[in-house]
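Every chain is numbered from 1, with letters handed out A, B, ... down the list of sequences. Atom set for the values below is all heavy atoms of this structure, side chains included, hydrogens, waters and symmetry mates excluded.
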There are 2 protein chains.
Amino acid sequence: MSIDGQLPPKARLLRAAAELLANSGGSAVSTRQITQLAGVTAPTLYHHFGDKEGLFDAVVAAGFDDYVAGERDFAPSGQPLEDIRRMWDNHVQFGLKQPELYLVMFGNIRPESRPAIVADAEALMEEMLNKAAVSGQLNVPPKEAARSILAANVGVTLMLIAEKAPARNLELSAMTRDAMIFAVSAEQARSNESDDTGKSSVVVAAIALNAALQASHSDQLSSSELKLFLEWLHRISTSSNS
Amino acid sequence: MSIDGQLPPKARLLRAAAELLANSGGSAVSTRQITQLAGVTAPTLYHHFGDKEGLFDAVVAAGFDDYVAGERDFAPSGQPLEDIRRMWDNHVQFGLKQPELYLVMFGNIRPESRPAIVADAEALMEEMLNKAAVSGQLNVPPKEAARSILAANVGVTLMLIAEKAPARNLELSAMTRDAMIFAVSAEQARSNESDDTGKSSVVVAAIALNAALQASHSDQLSSSELKLFLEWLHRISTSSNS
DNA sequence: CCAGTTCATATAGCGTTGCTATAGGTGCTA
DNA sequence: TAGCACCTATAGCAACGCTATATGAACTGG
């Protein structure tokens, strides 16, 4: 059995690796399996991809395109926080639909080495959170919010993948998701406003202004002024609130 | 160099494996390295531990004792939710102090196979949450709460481990922790009365920030900084630019 | 139309991995 | 002292990631 379309060997290697990975059930996939299924010998693999990790990176890159497509393909609802919610669900669905690929993407953790894909996913979420920040719905700087939400999102997805399929309880995901979104949303700040000096609304406004200024370069301030202004904004918006 | 105490070979293997693992920096540790450092040959390892995974399980079991000790050793504060908070922090600290061991314990995820240690950690947290539930401080069944919190806890810890040590920001942990604990606590004073216009622009945000800053003086900026800051805010907020 | 160059694939094999079939030594009990 | 578990060592297998080297194919300049 081999993948003998008229595709070039490089594409056959990619396809073979993806297929074997998807059916590996979590156990390792050897280069010999891949090259045999692709109908190719070892040096071809290393010629095109450098090493095994390079090949898997390429598979992951293709998988990430699917991931991004899923994260973007729904129409923005006009309610950024609702979009974040769907982003979370889409992330979990992606992980459960292709667990092995997901594990290569997000489960292959090593100390002090951050996979590029995590940064990409984080940027994607930060981008979405920026919209929420601009409309004053965020309690926390988008960057920190994105990191925090993504960390919880990955944690939940990994936990679900580790469970046996019939026992996977998506309530775990929904509950954690809502907890995280509520925590970064400005709703919470409002509910706490009674016993507060009102500083939290300062923070929310500062975060919104910060996001908006960076999105559309204002010509009201010179570049040097803007730089200093943004630095102060950052100090305000990262100050503790609550 | 070898571990040549008068310890029996089994203990020497355990010690050698733990030491090599701790210094591996995330890369794989071979049985040959371990047996050589222990001053023993291969069959000895397999006689005592069955296979490599068995040896690592034994190392993990020892590490888990440390983990449990850390999770239990603080006196119960009488405020169960506060204890959960410290449990979370202790979990993160454990992960950051021994990243490689932590990765073997919690980062070695495979589809449909739940490591026993995760169940143990979950039981530990559920036990603590039970106390909160008894005193009516819980919004959610302890079991679900434990799963959810642990998932987020692991997610955050993995994310922090993946970062370069100097860049690790524990705010990420604190924020996620509080979000999760608040979400399962009964103290939620929900106010779903947010009817935001969602139309905030730079100008609107600047006006809001301006007003808020004057109402309650922020201590993030010096008075001279604040004066200039407010002047710039005025320039922005009086512009007709969106 | 051919020589030269570059790209792509194959043959064969190196060093390392986890693991084991087999045998030998050691100490206890009968 | 004989027998018997228990423990450890010698030697080596199959599979792994990877590569030095060689061969073929396709394009390019003269």
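- Comparing dT9(C), dC7(D), dT10(D) against the side chain of His48(B) picks out dC7(D) as the nearest.
- Remark: P of dA8(C) and CG of Leu7(A) are 16 Å apart, rounded to the nearest angstrom.
- We find that Arg85(B) and Asp178(B) are joined by a salt bridge, their nearest charged nitrogen and carboxylate oxygen being less than 4.0 Å apart.
- Side-chain nitrogen and oxygen atoms of Thr44(B) include at least one within less than 4.0 Å of the OP1 or OP2 phosphate oxygen of dA9(D).
- Counting only heavy atoms from C-beta outward, the side chains of Trp88(B) and Ile181(B) never approach each other to under 4.5 Å.
- The interatomic distance linking Leu20(B) (CG) with dT17(C) (P) rounds to 12 Å, in whole Å.
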Considering only nitrogen or oxygen atoms on both sides, find all protein atoms under 3.5 Å from nucleotides 16-19 of chain D and state each distance.
residue : atom : partner  : partner atom : Å
dC16(D) : OP1  : Ser30(A) : OG           : 3.2
dC16(D) : N4   : Arg32(A) : NH2          : 3.4
dG17(D) : OP1  : Thr31(A) : N            : 3.3
dG17(D) : OP1  : Lys52(A) : NZ           : 2.7
dG17(D) : OP2  : Thr31(A) : N            : 2.7
dG17(D) : OP2  : Thr31(A) : OG1          : 2.7
dG17(D) : N7   : Arg32(A) : NH1          : 2.8
dG17(D) : O6   : Arg32(A) : NH2          : 3.0
dC18(D) : OP2  : Tyr46(A) : OH           : 3.3
dC18(D) : OP2  : Lys52(A) : N            : 2.9

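- Counting only distance, with no hydrogens or angles, the side chain of Lys52(B) and the backbone of Val29(B) share a donor-acceptor pair below 3.5 Å.
- Atom CD of Glu82(A) is surrounded by more than 12 heavy atoms from other residues, nucleotides or ligands within 6.0 Å.
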Review item, nucleotides 23-29 of chain C N/O atoms under 3.5 Å of protein N/O:
none

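- Salt bridge Arg110(A)/Glu100(B): absent, no basic N to carboxylate O contact under 4.0 Å.
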*Decide side chain to side chain contact (heavy atoms under 4.5 Å, CB included) for Val118(B) and Met159(A); before the verdict, give the C-alpha distance in whole Å, the side-chain angles of both, and the deciding distance to 0.1 Å.*
CA-CA 9 Å; Val118(B) 175; Met159(A) 195 79 45; 3.9 Å; yes
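- Side-chain contact check for Pro115(B) versus Asn108(B): every heavy-atom pair is 4.5 Å or farther apart.
- Annotation: Gln33(B), atom CD; neighbour count of heavy atoms from other residues, nucleotides and ligands within 6.0 Å is above 12.
- The side chain of His47(A) approaches dT9(C) more closely than any other nucleotide in the set dT8(D), dA10(C), dT9(C).
- The distance between atom CZ of Arg12(B) and atom P of dC7(D), rounded to the nearest whole Å, is 14 Å.
- Put simply, CD on Gln36(B) is 16 Å from C1' on dG18(C), counting in whole angstrom units.
- Atom NZ of Lys10(A) is separated from atom P of dC7(C) by 13 Å (rounded to the nearest Å).
- Remark: P of dT8(D) and CD1 of Ile34(B) are 16 Å apart, rounded to the nearest angstrom.
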Identify every side-chain donor-acceptor pair in residues 56-70 of chain A under 3.5 Å, counting partners at least two apart or on other chains, and give the distances.
residue  : atom : partner  : partner atom : Å
Tyr67(A) : OH   : Glu71(A) : OE2          : 3.0
Tyr67(A) : OH   : His91(A) : ND1          : 2.7

